[in-house]
Amino acid sequence: MLIKNCFSLGIIFTIMIMAVNLSASTIAMKVDSLLNQMTLKEKIGQLNQYSSTWQLTGPKPTQKGNEERYEDLTNGMVGSMLNVVTVDEIKRAQELVVENSRLGIPLLFGLDVIHGYKTMFPIPLAQAASWDMQAIEKSARIAAKEASASGITWTFSPMVDLTRDPRWGRIIECAGEDPYLGARFGKAMVRGYQGKDLSTDNTIAACTKHFAAYGAPEAGREYNRVSISNYDLYNIYLPPYKATIDEGVSTVMNAFNTLNGVPATGNQFLVNEILRGKWNFSGFILSDWATISELITHGVAKDMKQATKIAITGGTDVDMESSAYIDYLEELILEGEVDEELLDQAVRRILTVKFELGLFDDPYKYCSKEREKEQAYTEKNHKAALEMAKKSIVLLKNENDILPLSKEIERIAVVGPLAADKDAPLGNWRCQAKSNSAVSLLSAIKNSVSSKTKINYAKGCNLVKMDGDYQDYKPVQVNETDTTGIQQAVKAAQNSDVIIAAVGETALLSGEGRSRQNIDLPGVQKTLLQELKKTGKPLVVVLFNGRPLTINWTEQNASAIVEGWLAGSQSGNALASVLFGDYNPSGKLPVTFPRNVGQIPIYYNQLNTGRPKLDENTVFVSRYIDGPNTPLYPFGYGLSYTDFKYDNLKISDNRISEDQTLQVKVDVKNTGQRKGEEIVQLYIRDLIASYARPIKELKGFKKISLEPGQKETVKFYLDRDKLSFYNNQYEKICEPGQFEVMVGGNSVDLLKTSFKMVE
Ligand code: NOJ
């Protein structure tokens, strides 16, 4: 019976594979037949991408004027556009091309749909703090549904640039510092956007970016050089990108940075050797904004013609906003400097995605005002955004279980520059969300507490804010050093039983181009907290931030700290549900919080060094003389309103060979009074290897839910793949020897055992 079932399953599986191959080969035939009809100029046109301003009287002029761009569109000299939004404008642009150009090849419409389209989900870093891949996939799914209804066919997401540097503003967009978590996150996002079938009208093509290692800019300064060893590139930075390729992402964007001296755009090693060579990526690659022309600024090309040659031979298929290909590629091909076959391959890849999306059957299929109305910014989507936001919150401190607060509390001070802010939680890359559209903490608190509770609100101080919509980024200049409002906040605190202080960063302070030298609380917020502390009232700090902040004073002096990140449209409601105990927080940090910027880069999976720090008194060891090595909060850290006890760590064998799988078991018990979720984390250490290996490496995690008193045995498996690493030749090697296995609720408090890998 079993064999029979397996047999029929096998047949079904084979038929499924055949169906996929069949449609892939049908598409390939269609692509080839179209390619054969295209002139050299038309082929080059497919590689050209323009951005739009919001009104399509003509696209935004950068390298070229409006009229010229308009003409390019009607002449079939544009293959894709970015930043065109609304059904009407997308239809209009598509019409221009489909109705006027000789072959009527439809455009792709790309947009930075990073953490939601209209309904804002938490920033990606916050989503990663949930460690909940189903929820992350769902948030991407909803973003795709909303965006696709408005005509968007392609998102420039997921951003899987792993980073160890919280000074870098784009840390908000990634999953933090860990290759394993980053890989799982990237895969979930790709599944969410692309679904199972790109031709469905509510799925969109995804784009892995920025290839590669853009998250390691020197000194945390945006767009700065990246100099890292191949060892770190292969083992730390590349795995999240590779995971998205394995998941079938349609496109990849290259990056602004140089990698070990060579710009990532047109980088033969990254693209031809790794991405296409080792990973067999068959989708298309696009430049980042004007990165082809920036080859000149980098100093590796003398002019646009040379930049064009470097980019096309280095595997960049689409030119975003350099107008390089459209101006110079024809000449280069006619002169024999560039092989036309390179162009043909690029065109094939682009047309393939257009066919997969079904644009040749109906170029307007993604534009639907009805679907927009039905599916965007709905109650259902907000419910999902609220769930995601709750899961993203991390409880950093909770002295004497001061949280959760009672809803019957008599008097509560809600203070701080972010308490009533409806804009900051939307974060950067807010896509089509309206500014000031998030639920503020203050209004959510008002809705949560009893009618008898008196709320004393005071802003306390100012923070620089973003004005207008997402593209403008105009800072509203405020006096950030003004302390005169603090007195009112202190008064509010004095008249209350507890203080909730909302402090941190506005949306303008993180994101692209937002590196910070100092990651303390900006402005006079620390002074505000210090004055509040003097009232003697319990101080609950709620953080709004796109990156880890150095908050030592707060850690030492606040009664409780809730990491609320920039949690999207439903931020206030999510935070209130944590503060008043309707939701038991379960998030864990996807990134280390330093005590001091001088510790950066700081991360948990460090090497032991030859002289690790063992105690406070030894001088000639790897340490600072003016502060500890340890972080303020380690990777994987986060508290709950209940307690979890880890016990009975067992492994299936203490000797395994390379082809065997080790089972790891641990008992986790909820020893507290409330139901709670715990993220159980598995780490390993390869003790002796031909390369120095990290002292800990995350290799698995499971999120479990336990009633008070309930115990669960959590199982993990370690196989060759998880026990291997890359050598400097990019070969995955697994070496015999002793391994440690560690399991716990964060990267520091761990149970430990060990086994031996035998030859
Ligand atoms: C530049 C950013 O680096 C990239 O992530 C984004 O997709 C493009 N601009 C388009 O907006």
Side-chain angles (χ1 to χ4, degrees), residues 129 390 393-416 418-419 441 445 448-449 453 460 489-490 492-494 496-504 520-521 525-545 548-565 574-589 592-595 628 630-634 636-645 670-678 708 744-746 748-749:
K390 289 197 266 188
I393 292 168
V394 185
L395 181 63
L396 295 176
K397 182 177 181 185
N398 194 16
E399 204 171 65
N400 303 324
D401 291 337
I402 178 148
L403 293 180
L405 301 171
S406 159
K407 292 180 185 173
E408 306 298 322
I409 194 161
E410 258 175 58
R411 301 167 311 164
I412 189 168
V414 181
V415 299
L418 292 158
L441 178 61
I445 290 177
S448 301
V449 292
T453 305
V490 168
Q494 281 161 344
S496 303
D497 306 309
V498 66
I499 312 163
I500 296 179
V503 293
D520 292 341
L521 290 170
Q525 295 182 97
K526 186 170 156 193
T527 316
L528 169 68
L529 294 182
Q530 285 169 331
E531 293 304 313
L532 292 169
K533 170 80 181 173
K534 286 183 193 157
T535 63
K537 302 291 168 92
L539 177 60
V540 175
V541 172
V542 177
L543 292 173
F544 290 76
N545 46 336
L549 298 172
T550 41
I551 46 162
N552 298 300
W553 185 91
T554 311
E555 163 58 25
Q556 278 155 26
N557 292 281
S559 308
I561 306 175
V562 177
E563 173 53 87
W565 311 106
L575 285 163
S577 70
V578 165
L579 292 170
F580 297 101
D582 292 331
Y583 184 80
N584 187 355
S586 59
K588 304 268 185 178
L589 295 178
T592 303
F593 272 47
R595 295 173 192 274
T630 54
L632 188 62
Y633 303 114
Y637 172 81
L639 304 172
S640 161
Y641 292 153
T642 191
D643 295 306
F644 298 101
K645 186 165 186 285
N670 181 346
T671 55
Q673 306 303 318
R674 280 170 178 265
K675 181 179 175 183
E677 285 181 313
E678 170 71 333
N746 63 61
V748 171
D749 304 310

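This chain uses plain numbering: 1 for the first residue, then up along the sequence. Nothing here was measured: the structure is a model prediction, and the numbers come from that model.
Here Ala489 pairs with Val415, Ala458, Leu528, Leu532 under the side chain to side chain contact (heavy atoms under 4.5 Å, CB included) rule; sequence neighbours left out. Not a single salt bridge (charged side-chain N to carboxylate O under 4.0 Å, His left out) links Glu410 to another residue, sequence neighbours left out. For Lys645, the salt bridge (charged side-chain N to carboxylate O under 4.0 Å, His left out) test picks out Asp647, with sequence neighbours left out. With sequence neighbours excluded, the residues that form a side chain to side chain contact (heavy atoms under 4.5 Å, CB included) with Ser496 are Arg411, Ala413, Asn456. Qualifying side chain to side chain donor-acceptor pair (under 3.5 Å) partners for Thr554, counting only residues two or more places apart in sequence or in other chains: none. Not counting sequence neighbours, the partners of Asn557 by the side chain to side chain contact (heavy atoms under 4.5 Å, CB included) test are Lys533, Trp553. Scanning for side chain to side chain contact (heavy atoms under 4.5 Å, CB included) contacts around Pro585 gives Leu395, Val578, Tyr641, with sequence neighbours left out. In this structure Asp582 satisfies the salt bridge (charged side-chain N to carboxylate O under 4.0 Å, His left out) test together with Lys407, sequence neighbours excluded. The ring pair (Phe, Tyr, Trp, His ring centres under 6.0 Å) search around Tyr633 returns Phe593, Tyr637, not counting sequence neighbours. With sequence neighbours excluded, the residues satisfying side chain to side chain donor-acceptor pair (under 3.5 Å) with Glu678 are Lys588, Tyr646. With sequence neighbours excluded, no residue forms a salt bridge (charged side-chain N to carboxylate O under 4.0 Å, His left out) with Arg674.
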With side chain to side chain contact (heavy atoms under 4.5 Å, CB included) as the test, would you mind laying out the steps for Leu405 and Ile412 before giving the verdict?
CA-CA 10 Å; Leu405 301 171; Ile412 189 168; 4.3 Å; yes
For the pair Asn552 and Leu632, evaluate side chain to side chain contact (heavy atoms under 4.5 Å, CB included) and give the outcome as yes or no after the intermediate values.
CA-CA 7 Å; Asn552 298 300; Leu632 188 62; 3.3 Å; yes
Would you please test Asn670 and Phe644 for side chain to side chain contact (heavy atoms under 4.5 Å, CB included) and show each step?
CA-CA 5 Å; Asn670 181 346; Phe644 298 101; 4.2 Å; yes
Side chain to side chain contact (heavy atoms under 4.5 Å, CB included), that's the test. Do Val503 and Leu543 meet it? Break it down for me.
CA-CA 5 Å; Val503 293; Leu543 292 173; 4.1 Å; yes
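Heavy atoms only, all atoms of each residue included: Pro708 and Gly672 are closest at CB-O, 3.5 Å. For the pair Pro538 and Ile402, the tightest heavy-atom approach, listed with the atom from each and the gap, is CB-CD1, 3.2 Å. Pairing each heavy atom of Leu529 with each of Ala501, the nearest pair is CD2-CB, 3.7 Å. Of all the heavy atoms in Ser640 and Asn584, the pair that sits closest is OG-OD1, 3.2 Å.
Separating the CG atom in Leu579 from the CD1 atom in Ile445 is a distance of 6.0 Å, to the nearest 0.5 Å. Expressed to the nearest 0.5 Å, how far CG of Leu396 lies from CG of Leu639 amounts to 7.0 Å. The distance from the NZ atom of Lys526 to the OG1 atom of Thr550 is 8.5 Å, given to the nearest 0.5 Å. How far CD1 of Ile500 is from CD1 of Ile409: 7.5 Å, rounded to the nearest 0.5 Å.
Counting heavy atoms from C-beta outward, Val541 and Ile551 have side chains that stay 4.5 Å or more apart. The shortest distance between side-chain heavy atoms of Glu563 and Asn545 falls below 4.5 Å. The shortest side-chain heavy-atom distance between Asn746 and Leu589 does not fall under the 4.5 Å cut-off. With a 4.5 Å cut-off on side-chain heavy atoms, Leu418 and Leu441 do not count as touching.
Paired with Val498 under the rule side chain to side chain contact (heavy atoms under 4.5 Å, CB included), one option of Leu539, Val540, Val414 passes, and it is Val540.
For residues 534-543, the pairs satisfying side-chain hydrogen bond (donor to acceptor under 3.5 Å, both in side chains) are Glu531-Lys534, with sequence neighbours left out.
Counting only N and O atoms by type, the side chains of Asp643 and Thr671 include no donor and acceptor under 3.5 Å apart.
Looking only at distances, no side-chain donor or acceptor of Lys390 sits under 3.5 Å from a matching main-chain atom of Tyr583. Between the Glu399 side chain and the Ala558 main chain, no donor and acceptor come within less than 3.5 Å of each other.
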